[in-house]
> 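Right, I'll just put the structure down here and ask away after.
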Amino acid sequence: MDLNSKEVTKRWQDKWRKEAIFEPSVNTSKKKFFITVPFPYPSGSMHLGHMYTWTRADIYARFMRMQGYNVLFPQAFHFTGGPIMGAAQKVKDGDPKTIEAFRKQGVSEADLKRFAEDPKALAEYFTTSFREDFDNIGMSIDWRRKFITTSLNPYFSRFISWQFNKLRALGLITEGKHPVVWCPKEVTPLGDHDRAEGEGESPQKFTIIKFRHGDFVFPAATLRPETIFGATNLWINPDEEYSAVKVGAERWIISKDAENKLTNQFNAIGKLEPVKIKDFLKKDVINPLTGEKLPIEPAEFVDTKIGTGVVMSVPMHAPLDFYGVNKLIKSGQNIKPKKVIDVQDENAIVEDSIKRFGETLAGLKDATKIVYKKEFNHGVMNSNSGEFAGIAVKEVDGPICTALKERGAYAEIYGLTGRVVCRCGAEGIVKILEKQWFIRYSDKAWKDKTRRLIEKMKVYPEEVRLQLLNTLDWLDDKAAARKGGLGTPLPWDKEWIIEPLSDSTIYMAYYTIAHKIEQVDLNSLMDSAFDYIFLDGKEKPKNEGAALDPLKKEFEYWYPLDMRVSAKELLQNHFIFFLMNHAAIFGENNWPRGIQINGWLTVSGEKLSKSKGATLTIKRGLETYSADQLRMIAAAGNGMDDVEWDPATINAFDQRIGFIYEILQTYKNLKGESKLIDAYLISKINRTIRDATESLENFRYGSALAAMFFGIYNEIKLYFDLGGENRNTIQRFLSTFIKLNHPVFPHITEELNRSFGVENLLEGSAWPIFNPDEIDTLVENEVRVLLNTIDDIKNVIKIIKRQPQKIEIGISNKENFDVYNKVVLQAEKTKNIIEIRKALRINSKLLDKLLKNPNKLPEMQLEEALENNIFSQAREHLKRAFKCEVVIERHAKEEKSLPGKPSINIL
RNA sequence: GCAGGGGUAGCGAAGCGGUCAAACGCGUAAGGCUUAGGACCUUAUGACUCAGGUCUUCGAGGGUUCAAAUCCCUCCUCCUGCACCA
């Protein structure tokens, strides 16, 4: 016989479609389960990496269907943003890399031409392609609810408008400026992926403190404005060029290297004129907070490229300054360094760190890092810092800046955390974008609400919860709209297009109504309509209100979302926005109930990216393997583990399915009795049901597979090995195996189920029930003993190097079993040998033997009669296996015979 | 830099205080079956032994404990995200 898993696939996919079992309707008498995966961006083909995530969701959907849930698993497509247009543009420009990648994915020349003319054609092409792939690998998706985003879908755009009006009404939208890394040559923001150098570098805010000298301003740039109380002087670099520049009504002295920064970041900037910086040396400036006079001093270590080229010197809190000021003091200057920050248990933090790293420039810089870190995290302002005394350094930044602002001494300037170079070759700078629209993710009350949501929901794997909570801590406002790309315009400022991460936060609600919304007149679909559908206690809109009722009914049945499934890279962006927007817009009863985060499918240890994925597409995969075979790989991972693409595993699939199929065809002829090995198998079947169910529930698919596919398979083999031949037991095994494995291998199990003689579809049929009464630990233990003994016999035979004439197996006597079991009971309480001995008060040689090693105390309960029975029933098998006479001796006299370890005598 | 997660046999991994030389899978080797085998079956796969035995390991180093891969500390190292990139 042969069962070809590729051939049966289509049959069952058609059947599921025909019976529309993936198209659930509202049924209030049935519990529901709503599961989604973030929509894909159709700018290329679906590859095995996509399959990994979607299969994980599909397995869950099918599992829940068998648990009796009414399951909704919909799928939409994301068109918002730049990449679709970008890809089309690249085709249009004739970019060979892009075109080659598309050709590899099977795109025809005619289609390529269409892509170049119309980005929408490209998106639609891949939308169709994705859908075929989803279907071909057996996703149980309800396609009636498919939709696309952007203004290409005016219904969806209305929905997004509603969302943003809601956020704005809640005070969660704000307008402001925003620093970005910028390429001056290409005149565009310079994202990580566009950089030749400096990935991960970002804009960094420096506080400018204005120190005045006459009508000149010396703008000292610093990351630590709180140290101003300890400032002893300013530094300038006497070997570099400086300019005076008009900023508003003021004249600032800055390094020549800082000129560009000023021009790019400040609006009102006047003429630049070179100054002789040496003329200012030894002159005094005024500390704006303390009123002290501070001298301007030269220092060659001032890097004029950083900040403004003017630096505030704080010797007690900055190693470089300490070094510089010490030199001044030695040359006879009267400077009195002052400590303004205390760190517990660290009295000489600067001196100590200099000692540690040395007085070289590099050493001083390393020391600086340590000092900054310690003082920032653990420092407290001391009595030298005026009104700020007692405040933690972490908390003091805001108040200090306010104080500086009040005295007209504050400004800010952005630098980069490191050098950035664009792919075009130009060096990146910081640019302040004006009039941006932000979502106020920094809002504290909003974060608190979301924190509650996160604490309440289910999170798989659990460690992700901590990461989400930590992400909330640093989350800041996010620019939510751009001037270009596809999308929905901001309802109150139509020049701006809502960007992709912002229009994908609550659209799961849209799935509930997507298949019915077009029955409503678009003109009547105003905000009040969405209020009515999605929010509790809202009035029904006067026009067309009745048309909304079926939508509201759908939403109220399906929401909240029960499970969102995705890979780990979306955790700190998409997921956090998804949760925050739900917390803001929906009632607590409609907050998401669970998320699952998984790792990636890797090839040679590397994540499948778009470029790599081009060769490992679903279509390619299906040329060689069946859908179930591919799904097996997706089921290999637990939690956030990455899973390596390893086609060799597929061999295990064929071989096992083949064996099951063989049993299926022959078991009916068996007429054997039910024996102890039957009790054993039934016990194991129940354990497997329990373990597999628990693993599936927790998305531990690798463990589930180990139990329900590999583990139980080994048990049935053992069953046959030990002479099992009972039809009912085997039937029980087959039925359980087929059902348990259905979520992972839906096609082949349907086929097996039919061969099994069951008419109804497996999909949606009842999940096997775990029966704790059928767990028989004693029998399991004794079978273990039998197997160990067989191993031992083999061992011995190997040693004596000859065919045995006769094997005598001696089972220990009842008294010994009693002692043994008492030790087992005690060992459950303590592993302390002396205590066990005390508790038992028995004198026996066996006891001495058992208590020799605390790490090897017996743990399995055993039973003398059962041990005898197991061995007696296995006698025929042993005779066959060892091709000789086998004698089982009860109550063996031999001292070697222990409970659980019968004596073996080979003649 | 900040946050989170890892480092266990040739590989993927399980174990998360005591039945652990380490489940399960892959790979490898030998034998069987075969015209043959990438198919299947059996056995082996840390080291040393050889009548069912012993010893050593879980990134490195310290510590807690009768007992640690498992708990604590320090260090090394890998992966992920850090926002205008979807």
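What's counted below: heavy atoms across the whole structure, side chains too, no hydrogens, waters or symmetry copies. In this text, all values refer to a predicted model and were calculated from it rather than measured experimentally.
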> Whole Å only: how far is the CG atom of A:Leu501 from the C1' atom of B:G81?
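So the two atoms are 13 Å apart, to the nearest Å.
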> For A:Glu867, check side-chain hydrogen bond (donor to acceptor under 3.5 Å, both in side chains) against everything at least two apart and list the hits.
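Checked A:Glu867 against side-chain hydrogen bond (donor to acceptor under 3.5 Å, both in side chains); zero matches.
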> Check every atom of B:G5, B:G52, B:U80 against the side chain of A:Glu463 and return the nucleotide holding the closest atom.
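From the listed options, B:G5 comes nearest.
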> Quick check for you: among B:G81, B:G25, B:G53, whose closest atom lies nearest to any side-chain atom of A:Lys901?
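In terms of side-chain proximity for A:Lys901, the closest of B:G81, B:G25, B:G53 is B:G53.
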> Just the rounded figure in Å: distance from C1' of B:G6 to CD of A:Gln467.
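Between C1' of B:G6 and CD of A:Gln467: 13 Å.
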> Work out how far the C1' atom of B:A21 is from that of B:U56, and round it to whole angstrom.
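After rounding to an integer number of Å, I get 10 Å for this pair.
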> Please measure how far the C1' atom in B:C2 lies from the corresponding atom in B:C11, and state the result in whole Å.
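Looking at atom C1' only, B:C2 and B:C11 are 34 Å apart.
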> Rounded to whole angstrom, note down the C1' distance from B:A69 over to B:G59.
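Pairwise C1' distance, B:A69 against B:G59, rounds to 12 Å.
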> Could you grab the distance from atom CZ of A:Phe659 to atom NZ of A:Lys717, nearest 0.5 Å is fine?
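One gets 5.5 Å once the value is rounded to the nearest 0.5 Å.
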> Nearest whole Å is fine: how far is B:G5 P from A:Lys568 NZ?
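The answer, rounded to whole Å, is 13 Å.
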> Of A:Asn788 and A:Asp654, whose nearest nucleotide on RNA chain B comes first from the 5' end?
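Comparing both residues, the 5'-ward one is A:Asp654.
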> So A:Pro902, base contact, sugar-phosphate only, or nothing? Heavy-atom distance under 4.0 Å.
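A:Pro902: base contact, heavy atoms under 4.0 Å.
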> Taking only N and O in the side chain of A:Asn781, is any of them less than 4.0 Å away from OP1 or OP2 of B:U19?
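Answer no for this pair, as no side-chain N or O of A:Asn781 is under 4.0 Å from OP1 or OP2.
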> Hey, could you give me each pair passing salt bridge (charged side-chain N to carboxylate O under 4.0 Å, His left out) that has a residue in residues 783-797 of chain A? Not counting sequence neighbours.
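Residue pairs passing salt bridge (charged side-chain N to carboxylate O under 4.0 Å, His left out), neighbours aside: A:Asp792-A:Lys901.
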> Considering only the P atoms, how many Å lie between B:G25 and B:U19, rounded to the nearest integer?
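My reading of the P atoms in B:G25 and B:U19 gives 23 Å.
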> Between B:C73 and B:C78, how many Å separate the two P atoms, rounded to a whole number?
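Between the two P atoms, the distance is 22 Å.
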> Under 4.0 angstrom, heavy atoms only, what part of the nucleic acid is A:Asp691 near: base, sugar-phosphate, or nothing?
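Since no nucleic acid heavy atom lies under 4.0 Å of A:Asp691, the category is nothing.
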> Could you list the residues that satisfy side-chain hydrogen bond (donor to acceptor under 3.5 Å, both in side chains) with A:Asp476, not counting sequence neighbours?
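Result, side-chain hydrogen bond (donor to acceptor under 3.5 Å, both in side chains) vs A:Asp476: none returned.
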> The side chain of A:Gln572 lies closest to which of these nucleotides: B:G52, B:G81, B:A86?
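The answer is B:G81, which lies nearest to the side chain.
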> Is a donor from one side chain sitting under 3.5 angstrom from an acceptor on the other, for A:Tyr719 and A:Asn714?
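There is no such pair between these side chains.
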> From the list B:A86, B:G25, B:A51, which nucleotide is the closest neighbour of the side chain of A:Tyr41?
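The listed nucleotide nearest to A:Tyr41's side chain is B:A86.
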> Sugar-phosphate atoms are those with a prime plus P, OP1 and OP2; base atoms are the rest. Using that split, label each nucleotide of nucleotides 41-46 of chain B B, S or - for protein heavy atoms under 4.0 Å, 5' to 3'.
SSS---
> As a test of reading the structure: which of B:A83, B:G25, B:A3 is closest to the side chain of A:Lys478, going by heavy atoms?
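The answer is B:A83, which lies nearest to the side chain.
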> For a quick check of understanding: with a heavy-atom distance under 4.0 Å over all strands, which category does A:Leu475 fall into, base, sugar-phosphate or nothing?
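Counting heavy atoms under 4.0 Å across all strands, the contact made by A:Leu475 includes a base.
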> Provide the distance between the two C1' atoms, one in B:A14 and one in B:U8, to the nearest whole Å.
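After rounding to an integer number of Å, I get 10 Å for this pair.
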> Find out whether the Lys NZ or Arg CZ of A:Arg564 is both under 6.0 angstrom from the six-membered ring centre of A:Phe578 and within 45° of the ring's axis.
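Cation-pi check for A:Arg564 and A:Phe578: passes.
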> Do the side-chain N and O atoms of A:Asp654 and A:Gln629 include a donor-acceptor pair separated by under 3.5 angstrom?
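There is such a pair between these side chains.
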> In which ranges does RNA chain B form stems of 3 or more consecutive Watson-Crick or G-U pairs, distances under 3.5 Å?
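B:1-7 with B:76-82, B:10-12 with B:24-26, B:27-32 with B:40-45, B:46-48 with B:53-55, B:59-63 with B:71-75 - these are the stems of 3 or more pairs that involve RNA chain B.
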> Consider the side chain of A:Ser903, meaning its heavy atoms from C-beta on, and name the nucleotide among B:G4, B:G52, B:A86 that approaches it most closely.
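The closest nucleotide is B:G52.
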> Just how far, in rounded Å, is P of B:C79 from CD of A:Glu569?
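Going from A:Glu569 (CD) to B:C79 (P), I get 16 Å.
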> How far does the P atom of B:U28 sit from the matching atom of B:U35, given to the nearest Å?
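The same atom, P, in both gives a distance of 25 Å.
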> Would you mind classifying the nucleic acid contact of A:Arg656 as base, sugar-phosphate or nothing, using non-hydrogen atoms under 4.0 angstrom?
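Result for A:Arg656 = sugar-phosphate.
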> Using the test side-chain hydrogen bond (donor to acceptor under 3.5 Å, both in side chains), find all partners of A:Thr80 that sit at least two apart in sequence or belong to another chain.
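Residues passing side-chain hydrogen bond (donor to acceptor under 3.5 Å, both in side chains) with A:Thr80: A:His78, A:Thr149, A:Asp503.
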> Taking the minimum atom-to-atom distance to the side chain of A:Asn470, which one of B:G4, B:A86, B:G81 wins?
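In terms of side-chain proximity for A:Asn470, the closest of B:G4, B:A86, B:G81 is B:G4.
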> CD of A:Glu782 versus P of B:U19: gap in Å, rounded?
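A:Glu782 atom CD is separated from B:U19 atom P by 21 Å.
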> Once you apply a heavy-atom cut-off of 4.0 Å, does A:Ile906 come out as touching a base, just sugar-phosphate, or nothing?
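If one applies the 4.0 Å heavy-atom cut-off, A:Ile906 turns out to touch a base.
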> Do you know the tightest heavy-atom contact between A:Phe79 and A:Tyr41?
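Minimum heavy-atom separation between A:Phe79 and A:Tyr41: O-OH, 3.4 Å.
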> Grab the CZ-C1' distance between A:Phe79 and B:A86 for me, whole Å please.
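About 15 Å, once rounded to whole Å.
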> Please state how far atom CD1 in A:Ile904 lies from atom C1' in B:G53, giving the value in whole angstrom units.
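It is 13 Å, rounded to the nearest whole Å.
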> Check whether more than 12 heavy atoms from other residues, nucleotides or ligands sit under 6.0 Å from atom CD of A:Glu455, and answer yes or no.
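Counting neighbours around CD of A:Glu455, more than 12 heavy atoms of other residues, nucleotides or ligands fall under 6.0 Å, so yes.
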> With the side chain of A:Asp792 defined as its heavy atoms from C-beta on, choose the nearest nucleotide among B:A86, B:G5, B:G52.
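Side chain of A:Asp792 sits closest to B:G52.
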> Would you say the side-chain atoms of A:Asp477 pair up with the backbone N or O of A:Ser442, donor to acceptor, closer than 3.5 Å?
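Checking the backbone N and O of A:Ser442 against the side chain of A:Asp477, a donor-acceptor pair under 3.5 Å is found.
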> Just by modelled atom types, is the A:Ile498 backbone N or O under 3.5 Å from a matching donor or acceptor in the A:Ser502 side chain?
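No.
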> Where the side chain of A:Arg700 is concerned, which of B:A83, B:G15, B:A86 is the nearest nucleotide?
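Closest nucleotide to the A:Arg700 side chain: B:G15.
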> From B:A83, B:A86, B:C79, pick the nucleotide closest to the side chain of A:Asp476?
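Output: B:A83.
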> Just how far, in rounded Å, is P of B:G12 from CE of A:Met632?
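Distance check: A:Met632 CE to B:G12 P gives 18 Å.
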> Is the phosphate of B:U19 approached by A:Arg784 (side-chain N or O, under 4.0 Å from OP1 or OP2)?
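No, no such contact exists.
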> Pick the C1' atom in B:C50 and in B:A44, then give their distance to the nearest Å.
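Per the computed distance, 16 Å lies between those C1' atoms.
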